[in-house]
Amino acid sequence: MAAPAVAAERAAELRAELERHNRAYYVLDAPSIPDAEYDKLFRELQRLESDYPELLTADSPTQRVGGAPLKEFPPRRHGVPMLSLNNAFEAAEVEAFDKRVRDGLETIAAIDYAVEPKFDGLAISLTYENGVFTCGATRGDGVTGEEVTPNLRTLRCIPLRLQGEGWPALIEIRGEVLMFKADFAELNARQRERGDKEFANPRNAAAGSLRQLDSKITASRPLSFLAYGVGAGGDALAVKTHSELMDQLAAWGFPVAVERAVVTGSHGQLEFFAKIGMLRPNLPYDIDGVVYKVNRLDWQARLGFVSRAPRFAIAHKFPAEEALTVVEAIDIQVGRTGALTPVARLAPVFVGGVTVTNATLHNDDELRRKDVRVGDTVIVRRAGDVIPEVVAVVAERRSATAQPFVMPDACPVCGAHVVREPGEAVTRCSGGFSCRAQRIQAILHFAGRRMMDIEGLGERYVERLVEFDYVHGVADLYRLTLADLLEMKLRADERDGCVPETVKAGQVPTRWAENLLDGIAASRRPSLARLLFALGIRHVGESTAKTLADWLGSIERVRRAPASLLAVLPDIGATVALAIADFFAEERNVQAVDDLLSPEVGVAPADEHAPRAELAERLGWSELYAVLGVPRLTPVRARQLAAVIDGATLAAQGVNGAALSGAGIPGEVITALADWLQMRGNRGLLAAVATRRDELLAALPAVTAQDATVAALAGKTFVLTGTLPTLKRDDAKAMIEAAGGKVAGSVSKKTDFVVAGEEAGSKLEKALELGVAVIDEAELLKLLEKGVQ
DNA sequence: GCACCTCGAGTTCC
DNA sequence: CTCGAGGTGC
C-alpha cells in the first residue's frame, strides 16, 4: 500500500523536528523539550516508517539506534588523504614554525592563525552527498580507512542532514570522535556494575565503542563528535579563512570547539597555548595540545605540503605525562629474526591513561646510553602517547650494589652464541631455526593477519604447539588433527597444574580446536604476495612481497631468480636481492617451502599468474614495454613502439613525441608514456632493464614442466597465413611456441586455429572448407594473454 | 656522496 | 610510534 500524502508529510515534519531537538540537546547543549515529549515524537515516526517502509530515509533519526551487525568493516579510500600534523613541544619549535610560514609566504608581516584545542580522540571523515550523510570512515593510515557509517549514524551530534544551505553536492567533513570525561566516568560505572571490563581512558573507550561491528552497541555508548575541517569538496566553498570555515560548519549543524580563536604571530600562539593549558583540567574532554593553522586558505594552499604533513599547520603538544617506577627486572626477548631485545619489567605504574608494566630498551647501545640497571628508579612516559619509554634513571636513588646490565653472549632461549654485525645496532641469536623462540616467532609471523591470516592461532597456542613438539615447521600446522590439539591441551593443562572445571566434569571442550582447525584449513589459498610475506624472508615485508608477486608471478620464479634479476625490480637493491636469493639457497628453507606446497599439505597461492614475467621470458622489447605497466600501452601498441625505439634509447633520450606520432603511435599513448617516464623511479627502472636485458632474459628460468601444462596455448596447433598488421611471422611463431602451442605449415583437421592476415590465400580457403576457426592478430594476442578457454 | 623517503622490524596496551 | 636500514634521486 502506498503511503498517503499526509503520512509522508507528517514523517518529514517529525524528522525535521526530532533533528532540531537533537541538535539543541547534543550540539548546542540546550534541551528544547522534555525527554518524554521527544520519545513520543520518536515513536510516532517509527510507527509511520514501519507502516509505510517507503517513507524510511537514510537521514531519519530513527536510524540512529543501530542496525544489523557487520562481519567486518569495508575499506574506504579517502578522496583527499587525511594527513597527520607535525608536532612541536617547545616554544622555540613554535617560533621556528612561524618563521617557516613567513619565509614560505615571503612576508615579514605577522601572520594570523586559527587556533583550537587538539582533541584526544579518533580522526573521522564524514561524506555528505546533497546534504545527506552517506558515508563515514576512520582515518586508517591516512589513505585508506575503515567504513563505519552505521556506527557514526548513531552519534546524535552528527547531523544526518546538513542544516541551512550553501553546501556543495559532495562535501567531506573531518573531525574527531571522542568521549567526554563525564560520559566516560558514567560508562565505566555502568561497565563495573555489569561486571564488564572497564576502559582505561576516554580515548580507548571512544575507539572501542566506534569499532563495534554491532552498531547497536555503539548506539548505547555516549560518543561525541567535534568538527575541525573539510576534505573533498572544500575548495567549492566560498569561505576565505579557516575561522570562517569553522563558522560555516557550525551553521550546518556540526559541533565545533568553543575554545577556538584567531591569534596573531607566535606570541599569540604561545599565549593561547598557555591559556588552554590552564583550562585543560576543567575542559569537558581530554586534549593533548593545541593546533595552529594559517588562517587564510589561499595562503594555506600556497604553503602546501611536505610529504605527509601540511606546511601551514602544526600541533603544539603538551609534554607527555611522566611517572616514576622501579625496574624489577630486565628480560631478553628473542624476535623472529633472532634479535635480542632487552625489556624492562616495571612495577605497574599509571601513566598517560594506562597502566604500564613493560618498556623496551631497544638494544645494547640504547641500554648503555641510559644505563638502566635492575632495581633502578626510572622516569617513564608514553612516547607519542602510545609506546612506553624509559626516559632516564633517577641517579640519586640507585642502590650502591646495582650492577650494570650486560647483554648475554648466549641466547637465553637456545643457548647459541650471539653475534652483533659491525655497524648494526641489534644483537642476534645465531641459532636460527633450531632456536625455539625464533621458531615460535616465525610461526606467529606466518599466521599473522597480513600474512596467512590464520584465525584463532595466537601466541598461547603457538607456544604450546612448538613446546610439545606438535609443530616444527609451518607446514606441520596443516597436518594437525583434532586429536593432536586435544592431547596438546591436556598436556599443557597438566603441566600448568590447572584442570578446567569442564574437564573435571568429564567433558572435553572441542569447540576451540575445531575453530582452530577451520582457521588453519581456510588459510590454504593465500595470495602469492601474502605467502611470500609469510615466509619471513629477511628484508621482505608486505610491500617487497607484493613487488615480487607482481613481477615474477609465481613462487617458482621467485625461488629460482638469481640475485642479479631480483636487483633490477623496483625498490629492490643488492642487499634485499641477496637476502632473498640466500633464503632460497638454504636447504632447510627450500624443504620447508616444498613441504608447504606439497599436495599432502596443500598450500598454494590463489593467484599465481605471471603476465609480466611470462611475456618477458619469451619475448623481446615490445613485451618488456608492455610488462612495465605503462598505462594505455597495450601489447599491440608496445610492439609498434618497439619497432621504432628500444628501451635503452627511451631511457636515455626520453619521449620524442614527433617521431613517435610519425611512426603511427597515438597521442594518448605518447602522453601516457611521457607521464610514466616522469614518475619516480620509472626511468631508472627502464634504464636498468635496458642495459641488462639479455642477461636478465638468460637468467630467468625456463618455463617449468608444471607451467607448460598450464601454458596459455598448450597442445594447440596454429597455422599462419597472410601478412599480420604488426607482428612479423617469426615473432608470432615464437610467441605461440613459447605459450606451449605448435605452428604447422598447412591446414588440416588437426589444426585448431588459422591466424589470417592481409592477402591470405589458399590456407584460408582450406580452413573455411574444413570448418577450422579463423582468427586475426588481435584475437591471437588475446589468446596469448588469456589462454584458450 | 649526501639528502630524502619508504619500508621493515620491534614493541605496548586495550 | 619510532628507529634504522635500504633504495633512489640530485
Side-chain angles (χ1 to χ4, degrees), chain A residues 84 87 122 141-143 188 191 196-212 288 305-309 317 320 331-346 348-366 369 380-390 421-428 437-438 441-442 444-445 448 450-451 459 532-533 536-548 566-580 677-688:
Chain A
S84 49
N87 292 327
L122 297 100
D141 63 5
V143 177
N188 257 0
Q191 297 280 107
D196 287 344
K197 210 171 54 182
E198 288 181 60
F199 293 99
N201 54 54
R203 194 184 182 285
N204 283 356
S209 301
L210 191 65
R211 290 190 40 88
Q212 291 291 332
D288 52 6
F305 300 85
V306 231
S307 79
R308 265 205 161 73
K317 296 264 195 96
D331 288 352
I332 297 286
Q333 283 180 3
V334 183
R336 168 167 68 87
T337 61
L340 301 194
T341 310
V343 177
R345 307 290 178 201
L346 307 167
V349 58
F350 192 77
V351 52
V354 294
T355 305
V356 168
T357 54
N358 302 310
T360 176
L361 297 167
H362 298 292
N363 55 51
D364 207 8
D365 290 348
E366 175 85 1
R369 198 154 45 230
V380 175
R381 75 165 168 224
R382 294 221 297 154
D385 273 347
V386 179
I387 313 256
E389 173 190 26
V390 172
E421 297 289 334
E424 277 207 355
V426 289
T427 308
R428 288 200 154 81
Q438 290 190 53
Q441 294 300 321
L444 273 173
H445 173 81
R450 282 139 71 223
M451 304 78 178
E459 195 167 344
L532 288 168
F533 185 19
I537 305 166
R538 274 250 246 156
H539 294 126
V540 177
E542 202 167 15
S543 154
T544 307
K546 202 169 169 317
T547 303
L548 292 171
L566 296 166
V568 169
L569 302 182
D571 299 316
I572 295 178
T575 315
V576 179
L578 262 177
I580 300 166
L677 280 171
Q678 284 289 312
M679 270 165 59
R680 279 173 59 89
N682 284 342
R683 183 176 287 229
L685 173 64
L686 185 55

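To find a chain, count down the sequence lines: A is the first, B the second, and so on, and within it residues start at 1. Nothing here was measured: the structure is a model prediction, and the numbers come from that model.
At whole-Å resolution of the value, CG in A:Leu340 and C1' in B:dT11 are 15 Å apart. In this entry the distance linking CG of A:Leu566 with C1' of C:dG6 reads 15 Å, nearest Å. Distance A:Asp364 CG to C:dG4 P: 14 Å, rounded to the nearest Å. A:Arg336 has its CZ atom 8 Å from the C1' atom of B:dG8, to the nearest Å. For A:Glu459 and B:dC13, the CD to P distance is 13 Å, given to the nearest whole Å. Look at CZ on A:Arg450: it is 9 Å from P on B:dG8, rounded to the nearest Å. The NZ atom of A:Lys317 sits 10 Å away from the C1' atom of C:dC1 (whole-angstrom rounding). Computed from coordinates, the A:Asp196 CG to B:dC14 P distance equals 17 Å when rounded to whole Å.
The phosphate of C:dA5 has neither OP1 nor OP2 within less than 4.0 Å of any side-chain N or O from A:Thr575. Checking the phosphate oxygens (OP1, OP2) of B:dT12, no side-chain nitrogen or oxygen of A:Thr357 falls inside 4.0 Å. Contact check, A:Ser543 against B:dT6: no side-chain N or O comes under 4.0 Å of OP1 or OP2. Between A:Thr337 and B:dG10, a side-chain N or O to OP1/OP2 separation shorter than 4.0 Å is present. Look at A:Gln333 and you'll find a side-chain N or O under 4.0 angstrom from OP1 or OP2 of B:dT11. When the side-chain nitrogen and oxygen atoms of A:Thr341 are compared with OP1 and OP2 of B:dT11, one or more of them lie within a distance under 4.0 Å.
Not counting sequence neighbours, the partners of A:Asn188 by the side-chain contact (heavy atoms from CB on, under 4.5 Å) test are A:Phe184, A:Gln191, A:Glu198, A:Phe199. Applying the side chain to side chain donor-acceptor pair (under 3.5 Å) criterion to A:Asn358, with sequence neighbours excluded, gives A:Arg345.
The listed nucleotides are B:dC13, B:dT11, B:dC14; the one nearest the side chain of A:Asn358 is B:dC13.
A heavy-atom distance below 4.5 Å is not found between the side chains of A:Ile537 and A:Thr544. Using a 4.5 Å cut-off on side-chain heavy atoms (C-beta onward), A:Val354 and A:Asn201 make contact.
Mapping A:Val356 and A:Glu542 onto DNA chain B by nearest heavy atom places A:Glu542 closer to the 5' end of the strand.
The residue A:Val426 sits apart from the nucleic acid: no heavy atom pair falls under 4.0 Å.
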